[in-house]
Colleague: 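There's a structure below that I have some questions on.
FYI, side chains are in, hydrogens and waters are out, and symmetry mates aren't considered; it's all heavy atoms of this structure.
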Amino acid sequence: DALHRVPIRDGYARFSGLYINAVGTYSLRVIAEDSEGFDFAFVVTETFEVLNGLPFELGLVGFPSAATGGSTFNIEPTLQVLDRGGNLVPVSDGAVDVAINKGVLHGTVSQPIVNGVVVFAGRFIDEADSGYVLAFESGGVFDQVSTPPFTVFVGPPASLSFWTEIPSDDEPELVARAGLPFLRQP
């Protein structure tokens, strides 16, 4: 409940600039006060609906705050098409593209808008570093929106291999002997 006071002039109270951001069912109640602040009259409007406004901007509702190299983001980048009041507008027109400020972002760079939502699932970055930023744009339909900078940490090992081969029978001078250390260590 918001309270807006306006003076009564010539028997009229004139309001301007009133708006409601949230979609829903409402009524307005106007209360008249005397000069000492006592209520002496009120009126309530009929109920009315506040519907979604027109698409206005992309809102970033999910994004990685950190990641692990080679693994998909723990929080998938997710955007919503919002009206001026911040309400989801369930449109399914267009697509959103993602770009990265450095390195390589693995996965499809464009995703369709479906019921006002865009999800970039399965994306990952291989290289550990800090200061990564993902930028999302929709071909000029909405202003670009970006994630805050985040860090990609070193991920789990992808493979294990020998740097030096263990000697074989083709190299008799290097063949391993029972009870003795290898002449060439792996």
Colleague: Report yes or no: does S27 contribute a side-chain atom to a donor-acceptor pair with the main-chain N or O of V44 at less than 3.5 Å?
Modeller: no

Colleague: Search all heavy atoms of A66 against all heavy atoms of F153 and return the closest pair with its distance.
Modeller: CB-CE1, 3.7 Å

Colleague: Give me the atom names and distance for the closest heavy-atom approach of G131 to P149.
Modeller: CA-CB, 4.1 Å

Colleague: Looking at every non-hydrogen atom in both residues, tell me the closest pair between A121 and E76 and how far apart they are.
Modeller: CB-OE2, 3.2 Å

Colleague: Following the transitive rule for hydrophobic clusters with a side-chain heavy-atom cut-off under 4.5 Å over Ile, Leu, Val, Met, Phe, Trp and Tyr, establish whether V141 and V89 coincide in one cluster.
Modeller: yes

Colleague: Go through the structure and list residues passing ring pair (Phe, Tyr, Trp, His ring centres under 6.0 Å) with F63, not counting sequence neighbours.
Modeller: none

Colleague: Looking at residues at least two apart in the chain, or sitting in another chain, which of them share a side-chain hydrogen bond (donor to acceptor under 3.5 Å, both in side chains) with R9?
Modeller: none

Colleague: When you group the ILVMFWY residues by side-chain heavy-atom contacts below 4.5 Å and let the links chain together, are V98 and V118 in the same group?
Modeller: yes

Colleague: Check whether F73 and V119 end up in the same hydrophobic cluster, where Ile, Leu, Val, Met, Phe, Trp and Tyr are linked by side-chain heavy atoms less than 4.5 Å apart.
Modeller: no

Colleague: If you measure from CD1 on I113 to OG on S138, what distance do you get to the nearest 0.5 Å?
Modeller: 6.5 Å

Colleague: Inspect the surroundings of CZ in F40 and state if more than 12 heavy atoms from other residues, nucleotides or ligands are less than 6.0 Å away.
Modeller: yes

Colleague: Going by salt bridge (Lys or Arg N to Asp or Glu O under 4.0 Å), name the pairs with one or both residues in residues 133-160, residues two or more places apart or in two chains.
Modeller: none

Colleague: Only one of I125, T147, L105 passes side chain to side chain contact (heavy atoms under 4.5 Å, CB included) with Y132; say which it is.
Modeller: I125

Colleague: Is there a path of hydrophobic side-chain contacts, each under 4.5 Å between heavy atoms, that joins V91 and V96?
Modeller: yes

Colleague: Looking at every non-hydrogen atom in both residues, tell me the closest pair between S130 and T151 and how far apart they are.
Modeller: CB-OG1, 3.5 Å

Colleague: Closest approach of P77 and L134, non-hydrogen atoms and distance?
Modeller: CG-CD1, 3.9 Å

Colleague: Using modelled atom types and a 3.5 Å cut-off, is there a donor and acceptor pairing between side-chain atoms of N74 and backbone atoms of P64?
Modeller: no

Colleague: Looking only at heavy atoms, which two atoms of V152 and G69 are closest? And how far apart?
Modeller: CG1-N, 3.4 Å

Colleague: Mark yes when over 12 heavy atoms from residues, nucleotides or ligands other than F15 sit less than 6.0 Å from its CZ; otherwise mark no.
Modeller: yes

Colleague: Could you go through residues 48-60 and list every donor-acceptor pair under 3.5 Å that involves a side-chain atom there, pairing it with any protein atom two or more places apart or in another chain?
Modeller:
from : atom 1 : to  : atom 2 : distance (Å)
E49  : OE1    : T25 : OG1    : 3.2
E49  : OE2    : T25 : OG1    : 2.5
N52  : ND2    : L88 : O      : 2.5

Colleague: Do any pairs count as a salt bridge (Lys or Arg N to Asp or Glu O under 4.0 Å) and have a residue in residues 83-106, sequence neighbours left out, and if so which ones?
Modeller: K102-D129

Colleague: Among pairs that include at least one residue of residues 107-127, which meet salt bridge (Lys or Arg N to Asp or Glu O under 4.0 Å), considering only residues two or more places apart or in two chains?
Modeller: none

Colleague: Rounded to the nearest 0.5 Å, what's the gap from CG on N115 to CD on Q80? Could you check?
Modeller: 11.0 Å

Colleague: Give, for atom OG1 of T72 and atom CZ of F124, the distance between the pair rounded to the nearest 0.5 Å.
Modeller: 8.5 Å

Colleague: For the hydrophobic clusters of this structure (ILVMFWY residues joined by side-chain heavy atoms under 4.5 Å, transitively), does one cluster hold both I20 and V23?
Modeller: no

Colleague: Are the side chains of F120 and L79 in contact, using a 4.5 Å heavy-atom criterion?
Modeller: yes

